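Remarks on the structure that follows.
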Amino acid sequence: MKRFLGILLSAMMLLSLMAGCAAPAPVAAAEPAPAAEPAAAAEPAPAAEPAASTERVVIKFAAQGDSTPATQAVVDAYNASQEAYTVEWVDMTNDSGAMREQILTSMQSGSSDYDVLSMDVVWAGEFAAAGYIEPIDQLMKADGLKVSQFNAGSMTAGNYNAKQYTLPFFPDLGLLYFRKDVVSAEDAAKLVSGDYTYADLTAMAETYKGQGDTTDGIVFQGKLGECLVCNLTEYTNGWTDVEGGLTAMKAMVDSGAAPADILNYAEGETANSFVKGASVFARNWPYQWGVIASEGTIKQDQVDVAPLPGGSTVGGWLLGINKNSVNKEGAWDFMKFVATAEGQKIMSVQGGYLPGFNETLKDADVIASNAMLSMPGFQNALATTISRPVSAQYSKAADAIMNAGHAYLSGGSELAAAVSEIEAALQN
Ligand code: GLC
(Lines give C-alpha, C1' and ligand atoms only; values in the text may rest on other atoms or scores of the structure.)
Protein backbone atom coordinates (compact mmCIF):
# COMPACT_ATOMS: atom_id res chain seq x y z
CA MET A 1 0.00 0.00 0.00
CA LYS A 2 2.73 2.37 0.92
CA ARG A 3 4.44 3.79 -2.07
CA PHE A 4 7.42 6.07 -1.67
CA LEU A 5 8.36 8.43 -4.43
CA GLY A 6 11.67 10.21 -4.37
CA ILE A 7 11.51 13.65 -5.91
CA LEU A 8 14.48 15.84 -6.36
CA LEU A 9 13.62 19.39 -5.37
CA SER A 10 16.67 21.02 -6.85
CA ALA A 11 15.62 24.59 -6.22
CA MET A 12 15.52 23.96 -2.50
CA MET A 13 18.08 23.76 0.22
CA LEU A 14 17.21 20.18 1.10
CA LEU A 15 19.52 17.55 -0.24
CA SER A 16 16.90 14.86 -0.39
CA LEU A 17 13.40 14.40 0.77
CA MET A 18 11.00 11.51 0.92
CA ALA A 19 7.73 12.68 -0.51
CA GLY A 20 4.45 10.89 0.02
CA CYS A 21 2.29 9.44 -2.70
CA ALA A 22 -0.62 9.85 -0.36
CA ALA A 23 -0.67 13.49 -1.39
CA PRO A 24 -3.80 14.09 -3.40
CA ALA A 25 -2.27 15.25 -6.65
CA PRO A 26 0.43 13.32 -8.43
CA VAL A 27 3.27 15.83 -8.51
CA ALA A 28 4.50 15.16 -12.00
CA ALA A 29 1.11 14.90 -13.69
CA ALA A 30 -0.01 18.49 -13.56
CA GLU A 31 3.36 19.94 -14.41
CA PRO A 32 4.35 20.58 -17.99
CA ALA A 33 6.11 17.25 -18.09
CA PRO A 34 9.74 17.26 -19.11
CA ALA A 35 10.29 14.97 -22.09
CA ALA A 36 12.08 12.39 -19.97
CA GLU A 37 9.10 11.80 -17.69
CA PRO A 38 6.87 9.33 -19.50
CA ALA A 39 5.40 7.89 -16.31
CA ALA A 40 3.39 11.04 -15.76
CA ALA A 41 1.29 10.55 -18.82
CA ALA A 42 0.09 7.18 -17.58
CA GLU A 43 -1.64 8.73 -14.59
CA PRO A 44 -5.11 10.08 -15.38
CA ALA A 45 -4.59 13.64 -14.24
CA PRO A 46 -7.63 15.40 -12.81
CA ALA A 47 -8.25 18.21 -15.27
CA ALA A 48 -8.88 21.00 -12.78
CA GLU A 49 -5.83 20.29 -10.61
CA PRO A 50 -3.69 23.39 -10.04
CA ALA A 51 0.09 23.32 -10.47
CA ALA A 52 1.01 20.60 -8.03
CA SER A 53 4.61 21.65 -7.64
CA THR A 54 3.50 24.60 -5.53
CA GLU A 55 1.13 22.57 -3.39
CA ARG A 56 2.35 21.60 0.02
CA VAL A 57 1.13 18.60 1.93
CA VAL A 58 -0.30 19.60 5.31
CA ILE A 59 1.19 17.82 8.32
CA LYS A 60 -0.85 18.10 11.52
CA PHE A 61 1.21 18.33 14.69
CA ALA A 62 -0.78 17.66 17.87
CA ALA A 63 1.17 19.36 20.65
CA GLN A 64 0.39 20.89 24.01
CA GLY A 65 0.05 24.65 24.52
CA ASP A 66 3.37 26.47 24.95
CA SER A 67 3.66 29.66 26.96
CA THR A 68 7.03 30.37 25.33
CA PRO A 69 7.44 31.28 21.63
CA ALA A 70 9.44 28.09 20.97
CA THR A 71 6.90 25.62 19.52
CA GLN A 72 5.55 28.15 17.02
CA ALA A 73 9.12 29.18 16.15
CA VAL A 74 10.19 25.60 15.45
CA VAL A 75 7.11 25.03 13.25
CA ASP A 76 7.79 28.28 11.37
CA ALA A 77 11.45 27.40 10.89
CA TYR A 78 10.55 23.98 9.49
CA ASN A 79 7.98 25.43 7.12
CA ALA A 80 10.55 27.95 5.89
CA SER A 81 13.24 25.28 5.46
CA GLN A 82 11.53 23.31 2.68
CA GLU A 83 8.66 23.48 0.21
CA ALA A 84 7.04 20.07 0.34
CA TYR A 85 5.12 20.34 3.62
CA THR A 86 3.27 22.83 5.73
CA VAL A 87 3.11 21.83 9.37
CA GLU A 88 0.05 23.02 11.25
CA TRP A 89 0.24 22.96 15.02
CA VAL A 90 -2.97 21.68 16.59
CA ASP A 91 -2.68 23.47 19.91
CA MET A 92 -3.97 21.02 22.54
CA THR A 93 -4.65 21.42 26.24
CA ASN A 94 -1.77 21.88 28.66
CA ASP A 95 -3.10 19.23 31.01
CA SER A 96 -1.24 15.98 30.37
CA GLY A 97 -4.09 13.71 31.51
CA ALA A 98 -6.71 15.57 29.47
CA MET A 99 -4.45 15.56 26.41
CA ARG A 100 -3.92 11.81 26.73
CA GLU A 101 -7.70 11.28 26.74
CA GLN A 102 -8.12 13.54 23.73
CA ILE A 103 -5.46 11.79 21.64
CA LEU A 104 -6.53 8.36 22.86
CA THR A 105 -10.10 8.96 21.64
CA SER A 106 -8.77 9.93 18.23
CA MET A 107 -6.39 6.95 18.05
CA GLN A 108 -9.00 4.44 19.18
CA SER A 109 -11.25 5.48 16.31
CA GLY A 110 -8.37 4.85 13.88
CA SER A 111 -8.27 8.51 12.93
CA SER A 112 -5.54 9.97 10.74
CA ASP A 113 -6.29 13.52 11.94
CA TYR A 114 -2.90 13.99 13.55
CA ASP A 115 0.32 13.04 11.77
CA VAL A 116 2.87 13.85 14.47
CA LEU A 117 2.01 13.47 18.14
CA SER A 118 3.61 15.05 21.16
CA MET A 119 3.31 12.58 24.05
CA ASP A 120 4.12 12.77 27.73
CA VAL A 121 6.90 10.35 28.75
CA VAL A 122 4.46 8.63 31.08
CA TRP A 123 2.04 7.59 28.34
CA ALA A 124 4.16 7.18 25.20
CA GLY A 125 4.93 3.54 26.11
CA GLU A 126 1.22 2.80 26.40
CA PHE A 127 0.65 4.25 22.91
CA ALA A 128 3.47 2.14 21.49
CA ALA A 129 2.12 -1.01 23.17
CA ALA A 130 -1.37 -0.32 21.79
CA GLY A 131 0.04 -0.01 18.26
CA TYR A 132 -1.02 3.62 17.84
CA ILE A 133 2.40 4.87 16.80
CA GLU A 134 4.91 3.81 14.19
CA PRO A 135 8.29 2.25 15.01
CA ILE A 136 11.06 4.52 13.76
CA ASP A 137 14.16 2.26 13.84
CA GLN A 138 14.36 1.94 10.05
CA LEU A 139 13.77 5.64 9.53
CA MET A 140 16.51 6.49 12.01
CA LYS A 141 18.88 4.06 10.35
CA ALA A 142 18.17 5.42 6.88
CA ASP A 143 19.00 8.92 8.14
CA GLY A 144 22.08 7.87 10.10
CA LEU A 145 20.58 8.71 13.49
CA LYS A 146 21.62 6.76 16.56
CA VAL A 147 19.76 6.31 19.86
CA SER A 148 22.92 7.44 21.69
CA GLN A 149 22.68 10.90 20.11
CA PHE A 150 19.55 11.66 22.16
CA ASN A 151 18.68 12.07 25.83
CA ALA A 152 18.92 8.55 27.26
CA GLY A 153 15.94 8.67 29.65
CA SER A 154 13.66 10.09 26.96
CA MET A 155 14.69 7.41 24.48
CA THR A 156 14.02 4.66 27.03
CA ALA A 157 10.55 6.08 27.68
CA GLY A 158 9.70 5.68 23.98
CA ASN A 159 11.19 2.21 23.55
CA TYR A 160 8.83 -0.73 23.67
CA ASN A 161 9.64 -4.41 23.00
CA ALA A 162 13.13 -3.44 21.80
CA LYS A 163 11.72 -1.06 19.20
CA GLN A 164 12.14 2.71 19.21
CA TYR A 165 8.93 4.67 18.66
CA THR A 166 9.82 8.22 19.61
CA LEU A 167 12.43 10.98 19.61
CA PRO A 168 12.58 13.57 22.40
CA PHE A 169 10.61 16.80 21.94
CA PHE A 170 12.14 17.99 25.22
CA PRO A 171 13.22 16.30 28.45
CA ASP A 172 11.99 17.85 31.69
CA LEU A 173 13.01 17.89 35.32
CA GLY A 174 11.50 19.55 38.37
CA LEU A 175 13.29 22.68 39.61
CA LEU A 176 12.93 25.09 42.51
CA TYR A 177 13.08 28.64 41.15
CA PHE A 178 13.82 31.34 43.67
CA ARG A 179 14.32 35.08 43.77
CA LYS A 180 18.00 35.61 44.48
CA ASP A 181 17.37 39.33 44.96
CA VAL A 182 15.13 38.45 47.94
CA VAL A 183 16.67 35.35 49.53
CA SER A 184 19.86 35.77 51.63
CA ALA A 185 23.17 34.57 50.16
CA GLU A 186 23.37 31.96 52.90
CA ASP A 187 19.92 30.52 52.16
CA ALA A 188 20.61 30.69 48.42
CA ALA A 189 23.77 28.60 48.84
CA LYS A 190 21.87 26.04 50.90
CA LEU A 191 19.13 25.76 48.28
CA VAL A 192 21.54 25.45 45.33
CA SER A 193 23.42 22.65 47.11
CA GLY A 194 20.19 20.71 47.55
CA ASP A 195 21.08 20.15 51.21
CA TYR A 196 17.76 21.28 52.73
CA THR A 197 14.40 19.75 53.65
CA TYR A 198 10.78 20.61 52.84
CA ALA A 199 10.48 21.88 56.43
CA ASP A 200 13.38 24.29 55.73
CA LEU A 201 11.69 25.38 52.50
CA THR A 202 8.36 25.98 54.25
CA ALA A 203 10.14 28.10 56.87
CA MET A 204 11.95 30.12 54.19
CA ALA A 205 8.74 30.64 52.21
CA GLU A 206 7.05 31.98 55.36
CA THR A 207 10.00 34.26 56.16
CA TYR A 208 10.38 35.80 52.70
CA LYS A 209 6.70 36.08 51.80
CA GLY A 210 5.88 39.74 51.16
CA GLN A 211 9.48 40.78 50.55
CA GLY A 212 10.51 42.23 47.18
CA ASP A 213 6.87 43.16 46.40
CA THR A 214 5.71 39.55 46.53
CA THR A 215 2.32 38.44 47.80
CA ASP A 216 3.11 34.74 48.19
CA GLY A 217 6.01 32.76 49.59
CA ILE A 218 5.78 29.74 47.33
CA VAL A 219 3.79 28.29 44.44
CA PHE A 220 3.77 24.72 43.10
CA GLN A 221 1.34 22.22 41.56
CA GLY A 222 -1.35 21.12 44.02
CA LYS A 223 -4.06 20.71 41.39
CA LEU A 224 -5.72 17.34 40.87
CA GLY A 225 -3.88 15.98 37.83
CA GLU A 226 -0.61 14.54 36.60
CA CYS A 227 1.18 17.64 37.89
CA LEU A 228 0.27 16.64 41.46
CA VAL A 229 1.77 13.18 40.91
CA CYS A 230 5.04 14.89 39.90
CA ASN A 231 5.04 17.09 43.03
CA LEU A 232 4.18 14.13 45.26
CA THR A 233 7.05 12.18 43.71
CA GLU A 234 9.37 14.91 44.99
CA TYR A 235 7.80 15.30 48.46
CA THR A 236 7.91 11.51 49.00
CA ASN A 237 11.52 11.30 47.84
CA GLY A 238 10.67 9.12 44.88
CA TRP A 239 7.94 7.22 46.82
CA THR A 240 10.36 6.03 49.48
CA ASP A 241 8.49 7.89 52.25
CA VAL A 242 4.80 8.28 51.41
CA GLU A 243 3.67 9.28 54.90
CA GLY A 244 6.49 11.78 55.45
CA GLY A 245 5.97 13.27 52.00
CA LEU A 246 2.22 13.73 52.41
CA THR A 247 2.74 15.28 55.85
CA ALA A 248 5.39 17.70 54.53
CA MET A 249 3.24 18.71 51.58
CA LYS A 250 0.19 19.29 53.78
CA ALA A 251 2.30 21.44 56.11
CA MET A 252 3.36 23.51 53.10
CA VAL A 253 -0.24 23.83 51.84
CA ASP A 254 -1.51 24.88 55.28
CA SER A 255 1.43 27.15 56.12
CA GLY A 256 0.00 30.33 54.66
CA ALA A 257 3.17 30.73 52.59
CA ALA A 258 1.32 29.35 49.56
CA PRO A 259 -1.81 30.97 48.04
CA ALA A 260 -5.12 29.84 49.59
CA ASP A 261 -6.13 28.14 46.33
CA ILE A 262 -2.81 26.33 45.79
CA LEU A 263 -4.72 23.06 45.36
CA ASN A 264 -5.99 24.51 42.07
CA TYR A 265 -2.52 25.48 40.82
CA ALA A 266 -1.04 23.67 37.82
CA GLU A 267 2.12 24.74 35.95
CA GLY A 268 0.41 27.68 34.23
CA GLU A 269 -0.78 29.35 37.44
CA THR A 270 2.63 28.70 38.98
CA ALA A 271 4.56 30.32 36.12
CA ASN A 272 2.14 33.21 35.99
CA SER A 273 2.67 34.01 39.66
CA PHE A 274 6.45 33.71 39.59
CA VAL A 275 7.20 35.58 36.36
CA LYS A 276 4.91 38.44 37.44
CA GLY A 277 7.01 38.76 40.59
CA ALA A 278 4.21 37.63 42.93
CA SER A 279 6.07 34.76 44.61
CA VAL A 280 9.54 34.16 46.06
CA PHE A 281 9.74 30.41 45.32
CA ALA A 282 8.20 28.32 42.56
CA ARG A 283 8.43 24.64 41.71
CA ASN A 284 8.26 24.27 37.94
CA TRP A 285 9.92 22.80 34.81
CA PRO A 286 12.82 24.30 32.80
CA TYR A 287 10.47 26.10 30.37
CA GLN A 288 9.63 28.61 33.11
CA TRP A 289 13.09 30.07 32.51
CA GLY A 290 11.98 30.87 28.95
CA VAL A 291 8.69 32.36 30.18
CA ILE A 292 10.62 34.78 32.42
CA ALA A 293 12.41 36.02 29.29
CA SER A 294 9.31 36.24 27.10
CA GLU A 295 6.69 37.46 29.58
CA GLY A 296 8.41 38.30 32.82
CA THR A 297 7.92 41.36 34.97
CA ILE A 298 10.98 40.10 36.80
CA LYS A 299 14.24 39.48 34.93
CA GLN A 300 16.31 36.32 34.65
CA ASP A 301 19.17 37.91 36.63
CA GLN A 302 16.88 38.10 39.68
CA VAL A 303 16.40 34.33 39.59
CA ASP A 304 18.37 31.22 40.52
CA VAL A 305 17.37 27.54 40.44
CA ALA A 306 17.92 24.65 42.85
CA PRO A 307 17.19 20.93 43.10
CA LEU A 308 14.09 19.91 45.08
CA PRO A 309 14.88 18.47 48.54
CA GLY A 310 13.72 14.92 47.74
CA GLY A 311 15.10 14.90 44.20
CA SER A 312 13.76 16.31 40.92
CA THR A 313 11.05 14.43 39.03
CA VAL A 314 11.91 13.47 35.48
CA GLY A 315 9.32 14.37 32.88
CA GLY A 316 9.30 15.38 29.28
CA TRP A 317 7.57 15.02 25.96
CA LEU A 318 8.25 12.77 23.01
CA LEU A 319 7.45 12.92 19.29
CA GLY A 320 5.93 10.01 17.41
CA ILE A 321 4.13 9.26 14.15
CA ASN A 322 0.48 8.26 14.10
CA LYS A 323 0.27 4.74 12.69
CA ASN A 324 -2.72 5.84 10.58
CA SER A 325 -1.11 8.96 9.19
CA VAL A 326 -1.32 9.19 5.42
CA ASN A 327 1.72 11.49 5.43
CA LYS A 328 4.31 9.44 7.25
CA GLU A 329 7.26 10.66 5.21
CA GLY A 330 6.41 14.26 5.97
CA ALA A 331 5.66 13.41 9.59
CA TRP A 332 9.10 11.87 9.97
CA ASP A 333 10.80 14.73 8.16
CA PHE A 334 9.26 17.27 10.55
CA MET A 335 9.81 15.15 13.65
CA LYS A 336 13.46 14.68 12.73
CA PHE A 337 13.88 18.43 12.23
CA VAL A 338 12.39 19.24 15.64
CA ALA A 339 14.38 16.58 17.51
CA THR A 340 17.82 17.25 16.02
CA ALA A 341 20.28 20.17 16.00
CA GLU A 342 18.25 22.90 14.34
CA GLY A 343 14.95 22.28 16.09
CA GLN A 344 16.42 21.64 19.51
CA LYS A 345 18.44 24.83 19.31
CA ILE A 346 15.27 26.83 18.66
CA MET A 347 13.48 25.08 21.54
CA SER A 348 16.29 25.86 23.95
CA VAL A 349 17.16 29.40 22.83
CA GLN A 350 13.57 30.61 22.45
CA GLY A 351 11.85 28.53 25.09
CA GLY A 352 14.43 27.67 27.75
CA TYR A 353 13.82 23.96 27.12
CA LEU A 354 16.44 21.38 27.97
CA PRO A 355 17.77 19.97 24.66
CA GLY A 356 17.06 16.29 24.02
CA PHE A 357 19.72 16.10 21.26
CA ASN A 358 23.00 15.73 23.11
CA GLU A 359 25.10 17.74 20.65
CA THR A 360 22.85 20.77 21.21
CA LEU A 361 23.92 20.90 24.86
CA LYS A 362 27.39 21.88 23.63
CA ASP A 363 26.23 24.46 21.08
CA ALA A 364 27.86 27.81 21.90
CA ASP A 365 24.70 29.82 21.09
CA VAL A 366 22.59 27.55 23.27
CA ILE A 367 25.02 27.87 26.18
CA ALA A 368 25.23 31.65 25.74
CA SER A 369 21.49 32.21 25.50
CA ASN A 370 20.29 29.66 28.03
CA ALA A 371 22.28 30.54 31.14
CA MET A 372 20.22 28.15 33.25
CA LEU A 373 21.89 25.12 31.68
CA SER A 374 25.22 26.07 33.27
CA MET A 375 23.88 27.10 36.68
CA PRO A 376 25.15 24.94 39.58
CA GLY A 377 21.61 24.48 40.94
CA PHE A 378 20.47 23.16 37.56
CA GLN A 379 23.43 20.79 37.35
CA ASN A 380 22.71 19.56 40.90
CA ALA A 381 19.07 18.95 39.95
CA LEU A 382 20.17 16.95 36.90
CA ALA A 383 22.31 14.82 39.21
CA THR A 384 19.45 14.02 41.60
CA THR A 385 16.56 12.97 39.39
CA ILE A 386 13.79 10.62 40.52
CA SER A 387 10.96 8.88 38.66
CA ARG A 388 7.24 8.58 38.93
CA PRO A 389 6.00 5.08 39.79
CA VAL A 390 6.76 2.51 37.12
CA SER A 391 3.62 0.52 36.39
CA ALA A 392 2.24 -1.48 33.48
CA GLN A 393 -1.00 0.40 34.06
CA TYR A 394 0.51 3.77 34.79
CA SER A 395 -2.54 5.95 34.24
CA LYS A 396 -4.67 3.84 36.58
CA ALA A 397 -2.02 4.05 39.32
CA ALA A 398 -1.55 7.78 38.73
CA ASP A 399 -5.32 8.40 39.02
CA ALA A 400 -5.47 6.58 42.35
CA ILE A 401 -2.41 8.47 43.65
CA MET A 402 -3.61 11.92 42.64
CA ASN A 403 -7.12 11.33 44.01
CA ALA A 404 -5.87 10.06 47.38
CA GLY A 405 -3.26 12.81 47.62
CA HIS A 406 -5.64 15.61 46.70
CA ALA A 407 -8.32 14.39 49.10
CA TYR A 408 -5.83 14.40 51.97
CA LEU A 409 -4.27 17.76 51.10
CA SER A 410 -7.68 19.40 50.89
CA GLY A 411 -8.76 18.03 54.27
CA GLY A 412 -11.20 15.53 52.77
CA SER A 413 -9.54 12.41 54.14
CA GLU A 414 -7.21 11.20 56.90
CA LEU A 415 -3.49 10.66 56.48
CA ALA A 416 -3.67 6.91 57.16
CA ALA A 417 -6.32 6.41 54.46
CA ALA A 418 -4.34 8.39 51.89
CA VAL A 419 -1.14 6.48 52.69
CA SER A 420 -2.79 3.09 52.32
CA GLU A 421 -4.52 4.03 49.05
CA ILE A 422 -1.26 5.30 47.61
CA GLU A 423 0.72 2.28 48.85
CA ALA A 424 -1.86 0.00 47.20
CA ALA A 425 -1.62 1.90 43.92
CA LEU A 426 2.18 1.62 44.03
CA GLN A 427 1.94 -2.17 44.33
CA ASN A 428 0.07 -2.52 41.03
C1 GLC B 1 5.44 18.37 32.34
C2 GLC B 1 6.27 17.11 32.21
C3 GLC B 1 5.41 15.90 32.08
C4 GLC B 1 4.43 15.86 33.23
C5 GLC B 1 3.59 17.13 33.25
C6 GLC B 1 2.66 17.16 34.45
O7 GLC B 1 4.83 18.66 31.14
O8 GLC B 1 7.14 17.19 31.12
O9 GLC B 1 6.18 14.73 32.04
O10 GLC B 1 3.61 14.73 33.19
O11 GLC B 1 4.46 18.25 33.34
O12 GLC B 1 1.88 18.29 34.44
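Indexing begins at 1, ligand by ligand and atom by atom, following the structure's order. Predicted model, so just to flag it, every value in this text is computed and none were measured.
- No close placement of the Y177 and F281 rings is indicated, their centers lying 6.0 Å or farther apart.
- D200 and T197 are linked by a side-chain donor-acceptor pair at a separation below 3.5 angstrom, with hydrogens and angles left out of the test.
- Here the heavy atom of the protein found nearest to atom 8 (O) of ligand 1 is D172 OD2, 2.5 Å.
- Taking atom 10 (O) of ligand 1 as the reference point, the nearest protein heavy-atom neighbour is D120 OD2, 2.5 Å.
- Scored by the ring-ring contact (aromatic ring centres under 6.0 Å, His included) test, Y132 finds F127 as partners (sequence neighbours excluded).
- If you look at R388 next to ligand 1, the close heavy atoms, those under 4.0 Å, all belong to the side chain.
- The protein heavy atom nearest to atom 12 (O) of ligand 1 is E267 OE2, 2.6 Å.
- Taking a cut-off of under 4.0 Å to the non-hydrogen atoms of C227, the atoms of ligand 1 that pass are 6 (C), 12 (O).
- Of the protein's non-hydrogen atoms, W317 NE1, 2.8 Å is the one closest to atom 7 (O) of ligand 1.
- Heavy-atom contacts of G316 reach the following atoms of ligand 1: 2 (C), 3 (C), 8 (O), 9 (O) (cutoff under 4.0 Å).
- Residues Y198 and Y235 bring their aromatic ring centres within 6.0 Å.
- Classified by interplanar angle (parallel below 30°, tilted 30° to 60°, perpendicular above 60°), the ring pair W317/F170 is tilted.
- Going from atom CG of L373 over to atom CD1 of I367 covers 8.0 Å, rounded to the nearest 0.5 Å.
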